[in-house]
Structures are given as C-alpha cells and as structure tokens.
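What follows is a single structure, written as structure tokens, with notes after it.
Order of appearance sets the numbers: ligands from 1, and atoms from 1 within every ligand.
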Amino acid sequence: MSQPPAAGAVAFIGAVAFIGLGRMGLPMAARLAQAGVPVRAYDSSPAARASAQAAGLPVADSIQAAAAGADVVITMLPASAHVLECYAAILGELKDSAVLLDCSTAGVAGAGAIHAAARERGLASLDAPVSGGVDGATAGTLTFMVGGEAADLARVEPLLAAMGRRVFHCGPPGAGQAAKICNNLILGASMIAVSEAFVLGEALGLSPQSLYDVASTSSGRCFALTENCPAPGPRPASPANHGYQAGFAGDLMLKDLRLAQAAAREAGVAARLGEQAAAIYERFSAEGRGALDFSGVIVSIRESGTAPREAP
Ligand code: NAD
C-alpha cells in the first residue's frame, strides 16, 4: 500500500531540471527540494553552481546531464535569449512527455519564440513569470502568471504550489508574460508618480508623514505608496529606510518597462506614460543607481528638480 505524501510534500513524482540558479532560481529550486521533489540543478556560472551545492541541491556538471530524463524543465534566466540558448542545447535530449516551464521575465515576443521552439520539437510549454521578488522566492510565496494550455498547467501545478502562493492562468501561450509586463508598467509609472508627489510635497512644506497619512487613506493609495514608500519614514520596512538597498532593482524595472514598450509598439498601443517611465529609469541607471531598489528613483527626481527655473 502506498503511503500518503508527508504534510507539505508535493504529490508530483517526476524529476525536475532547474536551469538558472541566480537570485531567484536558487531559492525556488531549494523550495522544490525541501518539498521532496527530485531536482537536478544547473547554471552556466561555476559560482552559482557552488552556491547551489552549498545549499544542498544536487547539481549537474552540464545542462544535458541536468535535463536527461527530466519530466519538467524549469528555466529562471535573465532574458529570452538565454532560455532559447538553453533549449538549443537540450530539446533534442528530452522525453516527448516533458513539460517546459519558463519562469523568466522573457517578454511577449520572447515567449513567442520560446513557445515556437518547444512546439517545433512537439513539447508542452508554459510561460510562468513571477512577482514577489527574492523574498517571495525564499518564503515560497511567489505569484505565478501562466500562459499556455490548462492541461499542461495542471501537470505542473503541484510544483508551482511548492514555490508560490498564487497561480493565475492568464490565457494562451504568452498571456503570462503579457500580465507580468502590464503589471510592471503600472508599478513603474505609479512609483514615479508617488515619488514626484513626495518631492513636490517637500517643496511645498508638507512633511512626508502628512502626505502619506492623507494619500494612503485617499484616492492616491497604491502599492508603490503603501508597500514600497519611496520617502524614508512613513513605512519603516521599505527600502527607502535602508539607503534603497536590496528590494527590486531599478535595472530590472527598466528591463520590464522596455519589454512593455516593445509589446506596445508591436500591438500598436500608444503607452506614452510607459515610454516616459522607461526614460526616467534609463536616467536612473545611467546615474549608476540601477542596482538600488526602484523606489530610489525619488532621489533622481529630487536632484533633477534643482535646475534654475525658467523666467516667466
Ligand atoms: P540572476 O542574474 O540573479 O540569475 C540568472 C542566472 O542565470 C545566473 O546565475 C546566470 O549565471 C544564469 N544563466 C545565464 N545564462 C545561462 C545559461 N545559458 N545557462 C545556464 N544558466 C545561465 O537573475 P534573477 O534576479 O534570478 O532573475 C531571473 C529572472 O527572474 C529574470 O528574468 C528577472 O527579470 C526575473 N525576476 C527577477 C526578480 C528579482 O527580484 N530578482 C523578480 C521577479 C522576476
């Protein structure tokens, strides 16, 4: 008689190849291993492989060795080009029943190319970008936005449940990436609006706490204000109180805003605020601040306002 799975264990019995053991991938792979999933991990960086080994993950010496016999291949890589490069190395080796699950923020066009590569080889594939950041990956509380067939999603759902708290099936292939970049377009633009409001409030003699108290209980309320407040003080846990260290890097926000612009151009949509937001994060990056949390854009906005006013 088979034993029921232990509490918290995953009912999924297949083998998982996990490719990409960076800031997000390593804690995600570790969550799977903790849930009893047989994981074989791989990263092209020897340092990342060493960190994974130190964390107790079984690490393969090559991407082919990681993928051999896998039922699911999870990729968590910087961009679509890296995913396609990995697929080129392993698609020929995989079982016909394998599912490809790409969790990278690969963009809509990138997802199209990734799904096409899988389709050409006759393999099931899902785009499943995440939100929740490194903290969410470590705590297993990520949100997955999934594009692809419902039946393929059902096969990997126990894995997603081990790494996250919410799974949204957004629609056909590419819909997960569409949801991700649309969400981050809202976040990037609203962080700039909140930052401009605090800088303007300061210039008008309003304390950050007064503005926070009013806006957080009024129609200005949004995530950028209440969870990631760019002004130090009102929200002690936000990166603003720690020199904008850690959090969600401005460079990653810039990447997502550029993906949103590319998708908007392709779809014939005039996303002008998104275009402005991308330009503002480009300046933030060019100032050497791209590794800081994206709420640090308030510093950039404050400094750019010191130019002398034009005569009326
Ligand atoms: P990262 O740069 O820390 O990790 C990427 C890893 O991929 C690196 O270890 C790198 O060596 C490895 N890699 C690159 N090319 C490879 C290849 N060809 N074969 C094998 N390994 C390869 O990036 P991250 O912060 O973990 O982000 C991963 C993805 O998740 C990105 O698409 C990012 O936009 C997205 N994301 C990140 C966050 C975040 O807060 N960091 C939040 C949400 C989404």
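Residue I63 does not touch ligand 1, judged by heavy-atom distances below 4.0 Å. With a heavy-atom cut-off of 4.0 Å, C86 touches ligand 1 through its side chain alone. The part of E85 lying near ligand 1 is the side chain, judged by heavy-atom distances below 4.0 Å.
Among protein heavy atoms, atom 33 (C) of ligand 1 sits closest to K255 NZ, 3.8 Å. Protein heavy atom nearest atom 8 (C) of ligand 1, with residue, atom name and distance: D43 OD2, 3.4 Å. Scanning the protein for heavy atoms near atom 26 (O) of ligand 1, the closest one is M24 N, 2.9 Å. In terms of protein heavy-atom proximity, atom 35 (C) of ligand 1 is closest to T105 OG1, 3.5 Å. In terms of protein heavy-atom proximity, atom 13 (N) of ligand 1 is closest to L77 CD2, 3.5 Å. Closest to atom 5 (C) of ligand 1, if we only count protein heavy atoms, is P78 CD, 3.8 Å. Nearest protein neighbour of atom 2 (O) of ligand 1, counting heavy atoms only, is R23 NH2, 3.6 Å. Atom 21 (N) of ligand 1 has its closest protein heavy atom at S44 N, 3.2 Å.
When the shell of 6.0 Å around CD of E287 is examined, it contains more than 12 heavy atoms from other residues, nucleotides or ligands.
Follow the hydrophobic side-chain contacts under 4.5 Å out from M24 and you reach V39 in the same cluster. Tracing side-chain contacts under 4.5 Å through hydrophobic residues (I, L, V, M, F, W, Y), one never reaches L84 starting from V108; they form parts of separate clusters.
Counting only heavy atoms from C-beta outward, the side chains of F248 and N184 approach each other to under 4.5 Å. In this structure, the side chains of F294 and N228 come closer than 4.5 Å at one or more pairs of heavy atoms. Considering only heavy atoms from C-beta on, S300 stays 4.5 Å or farther from I280 through its side chain. The closest side-chain heavy-atom distance from M145 to D127 is not below 4.5 Å.
Evaluation of the side chain to side chain donor-acceptor pair (under 3.5 Å) test over residues 265-283, restricted to residues two or more places apart or in two chains, returns R258-E282. For the side chain to side chain donor-acceptor pair (under 3.5 Å) condition, no pair includes a residue of residues 44-55, sequence neighbours left out.
Less than 4.0 angstrom separates some heavy atom of G133 from each of these atoms of ligand 1: 40 (O), 42 (C). Each of the atoms 11 (O) of ligand 1 lies under 4.0 Å from some heavy atom of S45.
Considering each of D256, L84, L252, the one bringing a non-hydrogen atom nearest atom 39 (C) of ligand 1 is L252.
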